[in-house]
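Heads up: the structure comes next, in C-alpha cells.
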Amino acid sequence: MLGIPLYKQIINDYKKLLIRKELKKGDKIMSQREYAEMASVNPNTVQRAYREMENMNLVETLRGQGTFISVSDEQLDEIKTEMARDLINHFIGEMQSLGFGDKDIINIVQTQLSDREGGSF
C-alpha cells in the first residue's frame, strides 16, 4: 500500500486478522524475528509495529513466553468501525478527485451493491 509506513501496514494486517476472528484474545502471535523473516522486512520495523500494538493494548508481551493477543471485544468493535471509516473516507476522496458529487457516489455504490446481490460483478 503506497504511502502507508510498513510498520502501520503490519499493524493493519493484524487488525484485519482480529476483525475476521482469525486471531482471538489469548492467541500467541509470531515472534518479531519470525515475522521479519517470513515477511522479509527489517526486524526493527517489526519491533516498532509490535511496540505500537502493545501501546494500543492489542497485544501483550510476556518475557520468555512470547506475544499474545490482548484486545477486548469493545476495542475490537472500535477497530472495525475505525477501519471501515478510513476505507470509506479514502473511497469518497478518490471518487471526488474523479469529479463525482455525493449523489453520484451514492448512486454508483447502490448500483454496485444491487449488481452484486444479483450475482453480477
Side-chain angles (χ1 to χ4, degrees):
M1 294 203 275
L2 296 174
I4 299 176
L6 192 51
Y7 81 95
K8 286 187 177 184
Q9 291 179 42
I10 293 169
I11 294 169
N12 284 339
D13 287 345
Y14 272 110
K15 286 178 176 180
K16 288 175 188 175
L17 291 169
L18 290 166
I19 290 168
R20 291 192 306 255
K21 306 237 187 270
E22 293 176 36
L23 283 175
K24 298 179 283 314
K25 188 172 184 170
D27 286 352
K28 184 176 181 177
I29 62 174
M30 282 186 256
S31 72
Q32 294 174 20
R33 185 179 353 196
E34 290 170 332
Y35 192 100
E37 289 174 10
M38 181 270 309
S40 298
V41 296
N42 187 309
N44 292 331
T45 302
V46 179
Q47 182 180 25
R48 182 171 182 189
Y50 277 43
R51 186 173 52 243
E52 288 288 323
M53 289 192 300
E54 277 199 59
N55 291 338
M56 299 164 73
N57 295 317
L58 297 180
V59 298
E60 176 182 25
T61 300
L62 302 175
R63 197 172 211 37
Q65 295 180 41
T67 303
F68 300 85
I69 299 296
S70 62
V71 68
S72 68
D73 290 339
E74 296 81 20
Q75 195 177 4
L76 192 54
D77 288 340
E78 290 172 15
I79 291 168
K80 189 174 185 177
T81 300
E82 172 193 330
M83 290 187 83
R85 282 190 182 130
D86 289 347
L87 283 169
I88 290 168
N89 286 330
H90 178 76
F91 169 76
I92 291 170
E94 289 294 313
M95 293 296 285
Q96 288 173 336
S97 76
L98 294 173
F100 291 100
D102 292 351
K103 288 182 182 178
D104 295 326
I105 295 170
I106 291 168
N107 288 334
I108 291 168
V109 170
Q110 286 176 332
T111 299
Q112 285 302 120
L113 286 171
S114 294
D115 288 349
R116 288 174 60 113
E117 289 171 4
S120 301
F121 203 82

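Linking Ile, Leu, Val, Met, Phe, Trp and Tyr residues whenever their side-chain heavy atoms come within less than 4.5 Å leaves I92 and M83 in two separate clusters. Linking ILVMFWY residues whenever their side-chain heavy atoms come closer than 4.5 Å, directly or via other members, leaves I19 and L87 in distinct clusters. Cluster membership for L98 and I105, using ILVMFWY side-chain heavy atoms within less than 4.5 angstrom, is shared.
Under the 4.5 Å side-chain criterion, counting only non-hydrogen atoms from C-beta, Y14 is in contact with L17. Contact check for M53 versus Y7: no side-chain heavy atoms found under the 4.5 Å cut-off. Side-chain atoms of L18 and K25, non-hydrogen and from C-beta on, never get closer than 4.5 Å to each other. Side-chain contact between K8 and E52 is absent, with no heavy atoms from C-beta onward closer than 4.5 Å. Using a 4.5 Å cut-off on side-chain heavy atoms (C-beta onward), K15 and L58 make contact. Counting heavy atoms from C-beta outward, R48 and N44 have side chains that stay 4.5 Å or more apart.
Scored by the side chain to side chain contact (heavy atoms under 4.5 Å, CB included) test, E78 finds no partners at all (sequence neighbours excluded). Remark: E22 engages R20 in a salt bridge (Lys or Arg N to Asp or Glu O under 4.0 Å) (not counting sequence neighbours). Remark: D104 pairs with F100 by the side chain to side chain contact (heavy atoms under 4.5 Å, CB included) rule, at least two apart or across chains.
Hydrophobic clustering, defined by side-chain heavy atoms of Ile, Leu, Val, Met, Phe, Trp and Tyr closer than 4.5 Å, leaves I106 isolated from every other such residue.
I79 contributes atom CD1, which lies 8.0 Å from atom OG of S72 (distance to the nearest 0.5 angstrom). Taking CD1 from I4 and CG from N12, the interatomic distance works out to 6.5 Å, rounded to the nearest 0.5 Å. The NZ atom of K21 sits 5.0 Å away from atom CG of L76, with the distance rounded to the nearest 0.5 Å. The CD atom of Q47 lies 9.5 Å from the OG1 atom of T45; values are rounded to the nearest 0.5 Å. Rounded to the nearest 0.5 Å, atoms CD1 (I69) and CG (L23) are 5.0 Å apart.
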Can I get a per-line list of side-chain donor-acceptor pairs under 3.5 Å for residues 59-68, giving both atom names and the distance, sequence neighbours left out?
unit_1 : atom_1 : unit_2 : atom_2 : d
T61    : OG1    : E54    : OE2    : 2.7
T61    : OG1    : T67    : OG1    : 3.0

When the side chains of residues 32-40 are checked against the rest of the protein, which donor-acceptor pairs come out under 3.5 Å, sequence neighbours left out?
unit_1 : atom_1 : unit_2 : atom_2 : d
E34    : OE1    : S31    : N      : 2.8
E34    : OE1    : S31    : OG     : 3.4

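In terms of modelled atom types and a separation under 3.5 Å, the side chain of Q75 and the main chain of M56 share a donor-acceptor contact.
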Chi angles and distances behind the side-chain contact (heavy atoms from CB on, under 4.5 Å) call for Q96, D102: CA-CA 8 Å; Q96 288 173 336; D102 292 351; 3.4 Å; yes
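Within a 6.0 Å sphere centred on CG of N55, heavy atoms belonging to other residues, nucleotides or ligands number more than 12.
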